[in-house]
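Chain letters run A, B, ... following the sequence lines, proteins first and then strands; every chain starts at 1. What you see is a predicted model; the values in this text were computed from it and never measured.
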Amino acid sequence: MKKIEAFIRHEAFEPIRAELLEKGFPSVSVLEAKGSGRQKGIVEQYRGSTVQVNIRPKLKLEVVVADEDKDLIVETILRHSRTGEIGDGKIFVIPVEEAIRIRTGERGDEVTQTHAE
Amino acid sequence: MKKIEAFIRHEAFEPIRAELLEKGFPSVSVLEAKGSGRQKGIVEQYRGSTVQVNIRPKLKLEVVVADEDKDLIVETILRHSRTGEIGDGKIFVIPVEEAIRIRTGERGDEVTQTHAE
Amino acid sequence: MKKIEAFIRHEAFEPIRAELLEKGFPSVSVLEAKGSGRQKGIVEQYRGSTVQVNIRPKLKLEVVVADEDKDLIVETILRHSRTGEIGDGKIFVIPVEEAIRIRTGERGDEVTQTHAE
Amino acid sequence: MSGRKKGFAAALGVTLAALALPSVAFADVAADLEAKALELDMVWVALATVLVFFMQAGFMFLEIGFSRQKNAGTGVAKIFINLSVVTIAWWAVGYGIAGFGEGNISNFVGTDGFFFHYGQDILGTAVTADTAMLMLFGLAFCAVSLAIVWGTTLERIKFGAYAAFAVVFGALIYPIVAHSVWGGGLLSDVGGKPVMDFAGSSVVHLTGATAALACLLLLGARRGKYGADGKPRAIPGHSMPLVGLGVIILWVGWFGFNGGSTFVTEDAFFGEVMLNTMLAAAAGVIGASILIYLKTKALDVGMSGNGAIAGLVGITAGCGFVEYWAAPIIGLIAGFVVVWGVLAIEKYLDDPIGALSAHGLAGIWGTLAVGIFASPRLILDGAGAGIWYSIFGDQSFSSTIGQFGVQTLAVVATFVVVFILSYVTFAIIKAVMGLRVPESEEIAGLDISSHGMYGYPEAFIPQEEYPVGNYQPMMAGTPVATPEDR
Amino acid sequence: MSGRKKGFAAALGVTLAALALPSVAFADVAADLEAKALELDMVWVALATVLVFFMQAGFMFLEIGFSRQKNAGTGVAKIFINLSVVTIAWWAVGYGIAGFGEGNISNFVGTDGFFFHYGQDILGTAVTADTAMLMLFGLAFCAVSLAIVWGTTLERIKFGAYAAFAVVFGALIYPIVAHSVWGGGLLSDVGGKPVMDFAGSSVVHLTGATAALACLLLLGARRGKYGADGKPRAIPGHSMPLVGLGVIILWVGWFGFNGGSTFVTEDAFFGEVMLNTMLAAAAGVIGASILIYLKTKALDVGMSGNGAIAGLVGITAGCGFVEYWAAPIIGLIAGFVVVWGVLAIEKYLDDPIGALSAHGLAGIWGTLAVGIFASPRLILDGAGAGIWYSIFGDQSFSSTIGQFGVQTLAVVATFVVVFILSYVTFAIIKAVMGLRVPESEEIAGLDISSHGMYGYPEAFIPQEEYPVGNYQPMMAGTPVATPEDR
Amino acid sequence: MSGRKKGFAAALGVTLAALALPSVAFADVAADLEAKALELDMVWVALATVLVFFMQAGFMFLEIGFSRQKNAGTGVAKIFINLSVVTIAWWAVGYGIAGFGEGNISNFVGTDGFFFHYGQDILGTAVTADTAMLMLFGLAFCAVSLAIVWGTTLERIKFGAYAAFAVVFGALIYPIVAHSVWGGGLLSDVGGKPVMDFAGSSVVHLTGATAALACLLLLGARRGKYGADGKPRAIPGHSMPLVGLGVIILWVGWFGFNGGSTFVTEDAFFGEVMLNTMLAAAAGVIGASILIYLKTKALDVGMSGNGAIAGLVGITAGCGFVEYWAAPIIGLIAGFVVVWGVLAIEKYLDDPIGALSAHGLAGIWGTLAVGIFASPRLILDGAGAGIWYSIFGDQSFSSTIGQFGVQTLAVVATFVVVFILSYVTFAIIKAVMGLRVPESEEIAGLDISSHGMYGYPEAFIPQEEYPVGNYQPMMAGTPVATPEDR
Ligand SMILES: Nc1ncnc2c1ncn2[C@@H]1O[C@H](COP(=O)(O)OP(=O)(O)O)[C@@H](O)[C@H]1O
Ligand SMILES: Nc1ncnc2c1ncn2[C@@H]1O[C@H](COP(=O)(O)OP(=O)(O)O)[C@@H](O)[C@H]1O
Ligand SMILES: Nc1ncnc2c1ncn2[C@@H]1O[C@H](COP(=O)(O)OP(=O)(O)O)[C@@H](O)[C@H]1O
């Protein structure tokens with residue numbers, strides 16, 4: 001199994017989620033993150049002074065899938081989150097050794113996404 | 001070493017934390033997450049219109065332990081977070097290559113949880 | 001590639017970010033986390049009753065780099081986040097199998113940090 | 001903005017024209033002066049009425065501030081509905097029951113004045129505009145008393161209960177109490193001595209708190225308030241600034257609450273009342289702050305605010321009856337009482353904002369304090385002065401202790417009557433429609449479960465789910481000049 | 001704090017000294033009484049003025065509460081700038097155009113009183129301090145009307161538009177309408193019958209809402225308000241507690257708005273006006289709450305609040321003309337109207353706070369309701385009573401239906417004139433400086449894009465980026481006693 | 001609600017009965033009129049007093065809004081304690097020192113009236129209810145002046161310092177200044193000319209700001225305010241809506257602050273005062289907004305609000321002395337002054353809400369502006385008009401420049417006296433109990449370290465740690481109809 005971690009813009013999330021759901025991958029998680037990269041920070045004004053903000057809000061998407069589904073997920077993420085502007089983010093793939101569905105205690109590839117039960 | 005990542009309901013956290021502490025695993029981290037899975041979203045009302053919320057708040061628990069402690073941790077998490085209703089979440093196990101305690105610079109299995117010093 | 005995950009104090013972040021940027025590693029992510037460890041919780045007062053808070057706010061830093069850069073990153077984090085007091089946090093190193101820059105679709109070691117394009 | 005101004009100018013014109021006929025004119029001037037004096041009184045009452053209605057915002061924010069975020073919106077809707085229902089109930093029935101007119105004296109309840117309307121004959125007097133002004137002032141008091149009821153019930157009560165109880169409270173419970181003390185009812189003449197409750201420590205505040213107790217006993221504590229060990233745990237409210245807003249609005253509104261209870265501007269007596277009010281409030285803050293600090297080594301913000309309210313509740317009965325030196329004493333003790341009360345009650349009963357202590361115990365203290373400190377200079381006809389003046393002055397003990405007895409009786413009678421009526425009412429509500437939301441709704445919060453939406457949507461709905469992402473200030477601000485990308 | 005008190009004491013001294021000379025003294029007393037009566041009126045107007053200015057805070061929080069967090073700060077700056085610009089515009093031009101003085105009767109606009117100053121001759125009368133008081137009261141009304149305009153425009157309008165439109169609105173648009181009804185203009189005598197709009201359901205509220213509509217048509221909906229299917233989606237405002245604050249402030253302020261429109265304290269008539277106001281507001285809440293609950297099975301907090309406002313707007317025209325029993329009816333229907341209006345309008349137009357319904361539709365209803373319920377006892381000279389009194393009383397149908405026609409005319413005329421003037425003004429603003437921010441700024445939020453900083457910085461700026469980390473209460477609280485570390 | 005109404009009705013009855021005896025009755029009517037006139041004055045002062053006390057909420061929210069979340073609760077407790085302590089101090093000592101009575105003239109401080117009580121003989125006059133009203137009005141002013149002091153000290157001062165300084169300020173510092181100008185003290189007659197400060201640009205605002213400066217010099221900047229390069233960095237306050245609430249409350253309260261300073265309703269002169277107040281506030285907003293926009297290309301919300309306050313502070317001295325045309329000029333310049341002042345002072349001193357500029361510099365400007373714009377029509381006996389009237393009118397330069405000198409002297413004297421007294425007081429506080437919290441507490445925030453709990457607990461305490469999880473709306477809302485699970 002693989003965990004796909006992607007740092008994306010907020011507006012990319014909904015289309016990704018919707019397409020994954022349609023393709024049979026309803027199970028995803030998302031966390032609020034902030035990051036820096038090529039994208040620059042900004043300087044904000046307040047009462048004549050300034051404050052410099054170096055990191056920008058991003059979403060961290062996490063999807064665990066069977067090895068063979070990995071490419072499909074990556075592709076879906078890429079399609080919806082690419083604007084071509086800097087700040088689009090990165091995708092990382094990480095090995096997962098085990099997956100357990102808490103509700104049932106089942107383990108293995110099949111639990112990563114909801115299959116017929 | 002293994003990192004156990006679990007997406008759980010908020011109310012499951014305290015009992016898990018308490019039992020882990022008692023069993024000698026005081027060191028855990030937790031992050032706010034949101035996710036979708038078999039659990040459906042909800043539709044909310046506002047001034048006669050609706051807003052559809054597709055993802056639900058979850059906690060992401062992260063515990064890094066020595067390989068041999070993994071099962072004990074998984075079991076503990078399972079025991080406290082299973083309600084049998086959909087939305088109970090998942091547990092994933094991920095390999096960890098190195099662990100370093102920042103305060104002392106020590107490395108290895110022993111630093112994952114607090115041992116006698 | 002490796003992902004370096006570090007649980008640190010909030011105040012350690014800015015110096016780490018600044019030094020990494022200078023050393024050629026502008027790309028980092030950070031998430032709000034809470035954790036427990038050797039550091040104890042606190043008891044707070046409210047209208048004569050108390051509330052016990054067992055977990056403390058931490059930052060979770062995530063940096064993905066090529067294998068050979070790992071030590072440099074770990075060292076930088078250690079230097080800025082060590083106060084010697086309990087609660088300084090931990091660093092974990094996790095294997096990464098693939099990295100993709102969303103904006104361009106490029107893959108591999110080079111995309112983890114911004115290189116000349 | 002009407003044509004009525006013409007009428008007024010014309011009236012004055014007549015007055016001036018009449019100067020040619022001294023004796024006729026003189027009677028005119030005297031009558032005009034009397035009319036203007038009444039108008040002045042009514043302007044004063046109007047100011048006070050506005051201030052007392054503004055206190056609804058005070059209760060709103062006190063309650064919201066002491067609730068968790070998930071229950072913040074329901075507090076808003078509660079005040080709207082509650083104030084509205086009680087308004088209609090008071091207009092249709094309550095004002096009549098309260099029966100403030102002279103003809104009602106010695107009755108158990110008023111018997112006339114229902115569906116209040118212009119020209120209506122209330123026991124021999126026709127309703128005019130100034131009657132309406134006083135009736136509205138009375139409504140504002142009734143609404144304050146009702147607002148107090150809900151302090152104990154936050155974060156778990158069914159919304160419908162607000163409306164249902166408001167009908168009974170506004171039409172019956174409060175009017176009965178008000179009539180007994182202020183309408184010439186049973187407590188206005190106890191063996192020749194009247195209960196002295198200038199603006200309602202007992203009539204308004206103890207009444208509200210007693211109903212709050214009745215409701216709480218039927219409702220039970222919030223989930224999680226008491227640990228497995230039975231010990232209370234703190235459930236911190238979400239916003240001290242909102243608590244602060246509530247307290248300050250109440251504090252300021254109280255100048256109308258107490259000051260307006262003079263009804264007339266005669267001798268600018270309201271000046272005495274207002275100064276007493278301020279001194280007691282200040283001392284209440286000081287008393288509560290000192291005591292909570294001594295007990296917990298932390299100066300609890302909410303307790304400080306409760307101290308102000310307790311000081312105000314404490315002086316409410318006495319504000320027109322005591323000398324300035326007594327006001328800070330009454331307030332200080334009220335401040336002690338509220339802290340001690342909250343800590344003691346907290347062990348058994350879950351009262352999120354301390355209403356039982358701040359309005360109930362302090363209301364009792366305030367009513368009794370009149371029996372201790374009432375100045376011979378200021379007491380009502382037939383009443384005895386405070387016990388203090390038997391010790392340090394020339395008042396007879398029989399008179400002062402008698403008055404203290406009457407004050408005590410007022411407390412006991414108010415408590416018993418209101419408790420029984422309220423308990424029965426809430427028991428019926430519980431039987432018919434239920435009093436408490438299901439556990440799942442309590443956990444989810446009343447906002448989403450009773451109102452369909454959170455009071456703070458962005459604290460609960462993920463930004464990603466908003467029709468438009470909220471989080472990407474892409475073009476905002478000036479980009480930072482960082483070292484060139486490598 | 002000045003030396004003026006001496007002057008007053010001296011004046012009284014003179015009065016007393018004059019007692020030796022009865023007839024002279026008598027004229028003095030009568031004159032003094034007249035002077036005091038005027039002062040009493042002005043104290044009343046001053047109180048009302050303060051309340052009406054406070055309503056600006058009501059609009060501020062209504063709008064902020066109904067906006068998303070990223071647009072919370074701009075609502076603050078908007079009220080500041082808007083109120084300021086309209087103040088100067090009214091002082092320099094608007095008050096003159098509104099021309100409330102007698103001499104202006106039958107003119108299209110007032111012709112005198114620009115750059116208002118002491119002693120200025122306004123059509124034969126010299127400006128004194130009481131003129132200033134009334135002029136300030138008029139400004140407060142104008143500012144309310146202007147505040148209503150922006151309800152439809154939240155979260156996307158360019159900041160500069162506020163200031164630009166405020167100039168035209170304060171100097172021309174509102175004064176023209178106010179003159180026509182209250183300044184002796186065209187609508188104050190329609191074939192012998194005056195329009196009856198006591199405090200401005202039409203003059204103030206419909207005017208504001210009509211300008212709001214004009215602006216909205218040129219501005220368009222917020223990004224994301226309508227789905228791909230054309231159906232409206234909810235964009236929840238960020239804080240119901242702030243909405244609650246806004247509504248309560250408006251509610252309380254309305255006692256000044258309506259009550260103060262008596263201008264004089266004669267017969268304490270304001271008591272009637274205030275009671276009517278309260279009854280209608282209460283009924284408005286009840287009406288709106290019931291209807292939204294029936295429609296959505298959720299008691300929407302904001303709709304409850306809109307109901308209060310609709311009830312208040314609805315009674316604004318009639319508060320001095322109808323009997324108490326009519327007020328709850330008017331309010332209840334206004335409560336229905338606002339819910340029905342919001343749901344209907346929402347389908348096509350994006351009005352985030354429901355201003356078109358709460359001020360526009362309810363304003364129309366209120367103006368017409370006078371034609372239905374106006375009591376023969378209270379109507380203006382020459383006016384006809386409400387139709388009700390033809391059905392259930394002795395009024396002739398020709399008179400009541402005639403008056404209803406006049407009220408209808410007022411609505412139509414106000415709508416047409418204000419719509420044209422406002423649309424043209426906004427069209428010019430749009431052409432010259434643009435009316436809507438670029439899409440990127442709308443997404444980022446107006447706070448950061450127009451004001452350089454978020455209204456809630458800590459909701460957007462990561463804590464790590466604050467000059468001092470905010471998150472490490474290291475020494476705070478007592479450490480928990482946990483089992484010894486292993 | 002008391003039996004006092006009977007007394008009043010009886011009094012009127014007597015009046016009417018007396019009509020049979022014209023001459024006796026006539027004296028009665030004249031006396032009654034005088035009594036009613038005093039009551040009317042006191043109703044006016046009561047309204048003003050309530051408004052000025054409400055300003056405490058204004059300061060509360062201005063300060064809270066400009067603080068970070070971790071310091072939001074302490075601002076609430078601060079206002080409670082501060083207002084309470086100063087109330088007791090003023091009652092016991094301060095009012096006596098301020099000595100407004102006639103008999104105190106030419107003294108350095110008042111000598112009578114301590115532990116204020118009814119009937120007390122203050123230099124030959126017995127205290128009555130109207131004395132109490134005026135004494136309370138004076139307290140409200142003193143409390144405003146004290147509230148200003150803390151503007152510079154947010155987010156790092158020890159809580160105990162509030163209470164300690166309040167005692168000295170309320171008992172001594174403010175009373176000394178107030179006596180000198182308004183109590184017949186040294187500044188009320190400078191070589192025959194009185195200082196003209198109608199409502200306290202100097203007496204109240206400069207005094208508060210000067211004490212704020214003294215405290216700041218001993219306290220130092222917040223951690224992180226100045227970068228390693230010595231340049232100031234922005235530390236954004238957490239809520240512009242709360243800043244907005246504060247400003248609007250202050251603005252509205254100022255109608256009482258300035259208007260009430262007439263003390264009497266004579267000629268409805270307060271109308272002039274209130275209009276001047278409004279015009280200056282409006283111009284202040286406009287001035288500050290334009291200047292900050294020109295300087296930073298962003299319309300800072302807080303600066304706009306500071307502009308309103310500066311305009312108000314600026315007109316406070318002159319509101320009863322200048323013509324309407326001068327008010328916007330004074331306000332506009334005050335608006336410029338505050339922005340320029342904040343930007344200039346920020347470089348060296350950390351004043352989180354701009355109190356030094358908005359109250360200090362604008363207070364100086366306002367006091368001097370009287371020397372420029374005071375109208376011959378309105379000046380105090382013996383005073384000279386403004387210099388303007390020497391240039392464009394018929395006033396002699398010797399008189400106007402003399403008056404300008406007196407105004408300047410008032411500024412200098414106030415600054416020097418207050419600075420010395422405050423600096424010494426704060427230095428003693430610092431020596432005895434410390435003035436600043438330890439660094440760890442500053443980082444953790446004052447709420448948790450001084451009060452045991454955050455002002456916004458849910459922003460800091462993880463939801464998981466609440467007795468009941470707050471985050472699981474499991475049953476709330478309708479489940480989404482998604483494609484069947486696979
Ligand atoms: N190597 C990395 N490690 C951790 N996070 C990263 C890394 N690279 C990028 N990110 C995350 O992705 C976000 C976008 O990256 P950025 O470099 O701005 O995009 P681009 O690919 O356009 O250069 C960053 O804000 C950060 O959160
Ligand atoms: N494959 C996955 N990848 C990432 N997160 C997941 C995955 N599966 C489940 N989750 C997380 O677990 C939560 C609960 O999962 P859900 O499918 O509702 O539980 P169930 O096991 O009862 O079907 C989701 O909200 C999501 O956050
Ligand atoms: N094994 C672990 N798994 C997950 N998180 C951990 C682990 N060990 C430490 N942490 C994180 O690091 C933080 C600091 O750890 P702590 O044990 O207090 O530091 P110390 O090394 O000084 O004992 C914790 O609050 C937690 O968030």
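- With rounding to the nearest 0.5 angstrom, the CD1 atom of E:I443 is 13.0 Å from the NE2 atom of A:H10.
- Scanning both residues, A:Q45 and E:M453, for their nearest heavy atoms gives O-CB, 3.0 Å.
- Open room surrounds OH on E:Y293; 12 or fewer heavy atoms of other groups in view lie less than 6.0 Å from it.
- From A:I42, atom CD1 reaches atom CD1 of E:I461 across 8.0 Å, with rounding to the nearest 0.5 Å.
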